[in-house]
There are 2 protein chains.
Amino acid sequence: MSKCEQCIVREFSSLKALNKDELVKLSGCKTSRIIKKGEVIFEEGENVNGIFCIKDGVCKLTKLSPNGKDHIVKLVSKGELLGQRSMISDEPVNLSAVALEDMEVCFIPKTEVMGFFDKNNQFSMNVMKTICGDLKEADVHAVNMAQRTVKERLAETLLHLHNTYGKNEDDSLKIQLSRDELASLVGTATESCIRLLSDFNKLGLIKLVGKKITITDICKLKKIAEN
Amino acid sequence: MSKCEQCIVREFSSLKALNKDELVKLSGCKTSRIIKKGEVIFEEGENVNGIFCIKDGVCKLTKLSPNGKDHIVKLVSKGELLGQRSMISDEPVNLSAVALEDMEVCFIPKTEVMGFFDKNNQFSMNVMKTICGDLKEADVHAVNMAQRTVKERLAETLLHLHNTYGKNEDDSLKIQLSRDELASLVGTATESCIRLLSDFNKLGLIKLVGKKITITDICKLKKIAEN
DNA sequence: AGTATAATATGATATATGTCATATAAATGT
DNA sequence: ACATTTATATGACATATATCATATTATACT
């Protein structure tokens with residue numbers, strides 16, 4: 001089994017505060033798992049009892065709305081941790097995690113992580129900072145949802161996907177979302193999302209080939225996003 | 001100057017983890033302040049360098065949207081702390097705080113609080129749990145904004161105000177918000193908010209006298225909120 | 001008290017966005 | 001390879017909600 005000392009997650013996440021001994025200890029108790037595209041990592045309401053380290057791949061965090069639709073709250077990818085909030089609050093997870101592509105994740109049991117909390121101050125500080133960052137993002141998102149049009153939010157989302165996940169050799173967005181998922185991320189109906197993509201296409205801002213989306217005019221897209 | 005040992009904030013906030021000695025130390029370094037309705041406690045982008053304890057009163061946390069409108073992200077009241085996220089992230093505050101009624105707050109400098117973080121594990125755990133709770137709330141809010149109508153959100157907000165802040169002797173909501181503020185909290189235009197209040201009034205769900213709002217039919221209001 | 005200013009209210013209208021229907025294209029299963 | 005299902009696309013339409021205009025109150029000011 002691979003060792004935590006060289007793992008990519010260690011470099012980018014709160015785990016970077018752990019010292020050699022702690023990492024060795026971690027290697028001993030973690031379990032590794034391959035998750036196929038579309039598979040569920042955990043479901044809203046479940047007791048997870050630990051955190052997941054994403055070694056590779058991207059997943060969506062979704063929440064079921066009262067009307068039965070799934071809403072994508074956030075995308076989480078390689079190098080990040082999952083399930084921290086739930087572990088700290090000592091509550092079931094309030095979001096579901098579903099793989100958007102094939103993934104490789106490790107699971108660390110809660111008991112182990114809580115030990116680091118007690119003994120390693122920098123580690124708990126890192127976790128707190130991550131959660132604070134999420135909260136700040138959530139505040140920005142709330143305002144955007146309230147005050148910006150679907151068109152603006154879609155443009156912004158496309159740019160964000162471009163900046164965060166990059167592009168393939170053919171310049172299309174690397175991260176592959178269905179129209180349905182993109183709509184859910186933007187916070188709109190699927191048809192509205194498709195229609196606006198179509199508009200952007202006609203305006204020459206993006207190019208659509210199958211479900212591939214290629215941004216062809218970042219500047220104009222930015223102008224729409226920022227209004 | 002009043003002592004922290006008997007303060008109400010201590011009972012309800014993360015500070016409940018502090019022991020006698022720590023509280024005495026706190027009493028020595030805090031500064032107390034009276035804030036009049038409408039006054040600003042801090043403004044988005046400011047460096048606050050500490051946390052505020054709300055001994056009395058309620059304030060709104062607002063965020064300026066790109067189009068220049070203020071959006072109310074959250075109400076915070078007696079017994080709660082302000083500025084924790086900013087202190088942990090070591091960043092300027094990302095929200096403004098404005099008093100909705102006369103307030104009494106204490107300020108504790110960052111250096112002092114950070115000391116507790118290092119030495120008192122239960123305290124830092126409490127702070128984390130609070131922030132995690134905020135994040136969970138934010139997730140729920142995001143979904144609501146995306147998937148529920150203004151009418152549903154207004155009904156829900158009225159019920160929430162009723163449950164959280166109670167009512168006066170005449171049964172009207174204790175917390176006094178302008179239509180503008182209520183709209184901003186619900187995430188809609190002022191006129192839309194006024195119009196829907198008017199509708200609720202005609203349907204006999206609420207009663208409007210001046211800017212006072214009285215809920216007269218909780219059940220029906222709940223039905224609208226939950227739909 | 002009386003005027004100026006701001007808040008609340010309501011009507012008229014525009015428009016963004018959701019919903020329903022249907023067509024086409026792509027993916028999946030056997 | 002073919003049929004079945006699912007995803008994407010587009011049109012037609014309904015409607016929720018924002019915007020603008022204008023009363024009507026309340027509130028603040030001197």
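For the numbers below, each heavy atom of this structure counts, side chains included, while hydrogens, waters and symmetry mates do not. Keep in mind it's a predicted model, so treat the numbers as computed, not measured. Chain letters run A, B, ... following the sequence lines, proteins first and then strands; every chain starts at 1.
Between A:Thr190 and B:Arg148, the one whose closest nucleotide on DNA chain D sits nearer the 5' end is A:Thr190. Taking for each of A:Lys211 and A:Gly187 the nucleotide of DNA chain C with the nearest heavy atom, the 5'-most of the two is the partner of A:Gly187. Nearest-nucleotide positions on DNA chain C place A:Lys69 closer to the 5' end than the other of A:Lys69 and A:Gly210.
On a pure distance criterion of 3.5 Å, no polar donor-acceptor pair joins the side chain of B:Arg153 and the base of D:dT17.
Of the candidates C:dA16, C:dG18, D:dC20, C:dA16 carries the atom nearest the A:Thr149 side chain, counting heavy atoms from C-beta on. For A:Arg179, whose side chain is taken as the heavy atoms from C-beta onward, the closest listed nucleotide among C:dT17, D:dA18, D:dA9 is D:dA9.
The interatomic distance linking B:Phe200 (CZ) with C:dA9 (C1') rounds to 16 Å, in whole Å. Atom CD1 in B:Ile213 sits roughly 13 Å away from atom C1' in C:dA9 (whole-Å rounding). As rounded to whole Å, 14 Å separates atom P of C:dG18 from atom CD of B:Glu152. At whole-Å resolution of the value, CD in B:Glu191 and P in D:dT22 are 14 Å apart. Computed from coordinates, the B:Asp180 CG to D:dA18 C1' distance equals 14 Å when rounded to whole Å. What separates NZ of A:Lys37 from P of D:dA7 is a distance of 11 Å, to the nearest Å. Distance B:Arg195 CZ to C:dA12 P: 11 Å, rounded to the nearest Å. For the pair B:Ile194 CD1 and C:dG11 P, the computed distance is 13 Å after rounding to whole Å.
Contact annotation: B:Thr188 reaches the phosphate of D:dA18 (side-chain N/O to OP1 or OP2, under 4.0 Å). OP1 or OP2 of C:dG18 sits under 4.0 Å from a side-chain N or O of A:Ser192.
Residues A:Asp171 and A:Thr214 have side chains that never bring a donor and an acceptor to within less than 3.5 angstrom of each other.
Residue B:Ser198 is in sugar-phosphate contact alone, with no base atom involved, counting any heavy-atom pair closer than 4.0 Å across all strands shown.
For the pair B:Ser184 (side chain) and B:Asp70 (backbone), a donor-acceptor distance under 3.5 Å is present. With A:Asn47 contributing its side chain and A:Asn49 its backbone, the two residues share no donor-acceptor pair below 3.5 Å. A donor-acceptor contact shorter than 3.5 Å links the side chain of B:Arg153 to the backbone of B:Gly187.
When all heavy atoms are compared, the tightest approach of A:Cys193 to A:Arg179 is SG-O, 3.9 Å.
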